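Okay, structure first, notes after.
Everything numeric in this text was worked out from a predicted model, so none of it was measured. In listed order, ligands and their atoms are each counted from 1.
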Amino acid sequence: MIALSRHGCFLAVAAAAVLCLASCGAVASPLPRLNIDIDAITVAGISAGGAFASQFHVAHSASLAGAAIFAGPPFFCSQANVDIAVTSCMKTPDLIDVDALAAEAVNAALINSIDDTRHMRDAKVWLFTGKKDTVVHPGVVEKTKAFYEHFVNSSSNIKMHDTFPAEHAWITSGYGEMCDFLGDPYINNCSFDAVGDFLNHLYDGKIKPSGSFNAKHLLRFEQAQYIESGNPEAISFGNAGFVYVPKQCASGTQCRLVVTFHGCNQDVDTIGEEFVIHNGLNEYAETNNLVILYPQVEKSAVIPYNPKGCFDWWGYAGINFATKGGAQIRAVATMIHAITGQFGANPTRTRFHPLP
Ligand SMILES: *[C@@H]1O[C@H](CO)[C@@H](O)[C@H](O)[C@H]1NC(C)=O
Ligand SMILES: *[C@@H]1O[C@H](CO)[C@@H](O)[C@H](O)[C@H]1NC(C)=O
């Protein structure tokens, strides 16, 4: 077990000490300001982190190029109701009304709670659901696809994998448990390079083969400075977040940013740095000029009530959780702004066509 002390320093004990690499004991630092291609920022996530990736994408669609989602429900599926979250949005997809959720998005955009949904027209969306997923029913992810079909202009922009015999997990081509295993660390080896596949989809097929993970490039940062109250606990965030910065990105080369959200029970207090090290993105970062940002949620037993350490997709940190005003969405947007120097207003964005 690895515990994160109040001072943000890892206390590693027993076997898990091996997970505590070069970042251990590093002085908490702010996020680095880097040269990031503002037109090529994407998000990725698994399960609750997939729900969060989707809602972050929909909220900030004018500033994002796409989303990769493992086993995540559509935008605002829970409607701020935890009972709907754990029933319709996980088990009984027939009860999910995609037309109503799409209408919610259009209405939210009308009052500028989220970006104009027309910015999703040229989004790239990659979805994965395992045939053996017993946590989030494959039909839920079909609804996520249907939601995006309301807004994305071309069906070739949406890629869906639903044929692998996978349980509920982030999928790799060699790391983790068996493909149909359910449990820690929720990273399963399905002999399928899901990360390479989604990067190629999000970035127009131009992804080079992966390189080698370098522990020195995985940096910890204090999340508090990107949270309005200065108190991560207030929004169920942990003290430390992580960012993977290949050497060339640290020294001025223009790089692309992928913001990645872990699933429930995948935060550093629960599984150490296993998710941030072994999800497969860092290796691609080295050879493709990518920076990977890993915001971190922390379990919270009281208020806000988040006992499994999930990103907020049902409103525990506020009723506006799915919008640009949502506390966690604001914190992540502030982190991106710190790295890129601009986010949210898109003064110089060039990729997207102006709206009519
Ligand atoms: C869809 O979006 C792409 C990329 O922005 C654009 O080139 C294309 O013309 C759009 N197609 C339609 C039918 O709007
Ligand atoms: C991944 O799974 C495949 C198929 O079960 C297996 O052959 C391979 O050895 C596994 N890789 C690792 C690193 O465990």
Side-chain angles (χ1 to χ4, degrees), residues 1-2 10 12-24 44-50 53 68-72 126-138 140-141 159-203 205 207-218 242 244 246 258 260-288 290 292 294 296 309:
M1 258 190 66
I2 286 184
F10 287 100
V13 287
V18 70
L19 289 173
C20 195
L21 298 176
S23 54
C24 288
I46 156 79
S47 193
I69 298 162
F70 294 88
W126 182 97
L127 302 167
F128 184 100
T129 180
K131 282 169 93 90
K132 296 192 174 175
D133 194 319
T134 58
V135 177
V136 173
H137 191 285
V140 172
V141 185
K159 186 171 186 184
M160 169 94 162
H161 290 282
D162 57 7
T163 57
F164 288 90
E167 247 291 6
H168 190 66
W170 180 278
I171 303 304
T172 76
S173 61
Y175 184 84
E177 301 291 335
M178 305 252 288
C179 192
D180 61 359
F181 179 79
L182 179 64
D184 274 5
Y186 299 97
I187 303 173
N188 286 1
N189 165 18
C190 294
S191 305
F192 171 52
D193 180 11
V195 165
D197 194 76
F198 81 60
L199 287 174
N200 265 311
H201 183 67
L202 300 183
Y203 293 118
I207 294 297
K208 301 187 186 102
S210 59
S212 303
F213 173 75
N214 184 333
K216 292 196 180 77
H217 298 167
L218 182 64
F242 294 82
Y244 191 84
V258 183
T260 303
F261 304 105
H262 63 74
C264 310
N265 291 311
Q266 258 184 341
D267 56 299
V268 285
D269 279 357
T270 308
I271 63 164
E273 297 181 15
E274 196 162 2
F275 180 74
V276 298
I277 291 174
H278 292 293
N279 64 73
L281 274 162
N282 305 320
E283 290 82 352
Y284 277 104
E286 290 288 341
T287 44
N288 290 279
L290 304 175
I292 320 294
Y294 300 104
Q296 287 286 315

Just distances here: any N/O of Asn189 and N/O of ligand 2 closer than 3.5 Å?
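By distance alone, the answer is yes.
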Check your understanding: Using 30° and 60° as the class limits, which term best fits the ring planes of Phe164 and Phe192: parallel, tilted or perpendicular?
Key ->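 Taking Phe192 first and then Phe164, their aromatic rings lie parallel (interplane angle under 30°).
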Take the angle between the ring planes of His168 and Tyr186 and call it parallel below 30°, perpendicular above 60°, tilted in between.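 Perpendicular.
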Within a distance of under 4.0 Å, is there any protein heavy atom near atom 2 (O) of ligand 2?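 For atom 2 (O) of ligand 2 the answer is yes, since some protein heavy atom falls inside 4.0 Å.
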**OP:** Can you confirm whether something in the protein, heavy atoms only, sits under 4.0 Å from atom 7 (O) of ligand 2?
**Re:**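 No, there is no protein heavy atom closer to it than 4.0 Å.
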- Hey, are Tyr284 and Asn200 close enough side-chain-wise for a donor-acceptor pair under 3.5 Å?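 Result is no, nothing qualifies.
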For this session: Using a strict 4.0 Å cut-off to heavy atoms of Gly174, name the atoms of ligand 2 that fall inside it.
Result: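 Listed by number with element: 11 (N), 12 (C), 13 (C), 14 (O).
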message = Could you work out, with salt bridge (Lys or Arg N to Asp or Glu O under 4.0 Å) as the rule, every residue matching Lys208, not counting sequence neighbours?
response =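 Here no residue qualifies.
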Residues in ring pair (Phe, Tyr, Trp, His ring centres under 6.0 Å) with Phe275, at least two apart?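 Ring pair (Phe, Tyr, Trp, His ring centres under 6.0 Å) list for Phe275, sorted by chain: Trp170.
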What is the closest protein heavy atom to atom 5 (O) of ligand 2, and at what distance does it sit?
->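 Protein heavy atom at minimum distance: Ser191 OG, 4.6 Å.
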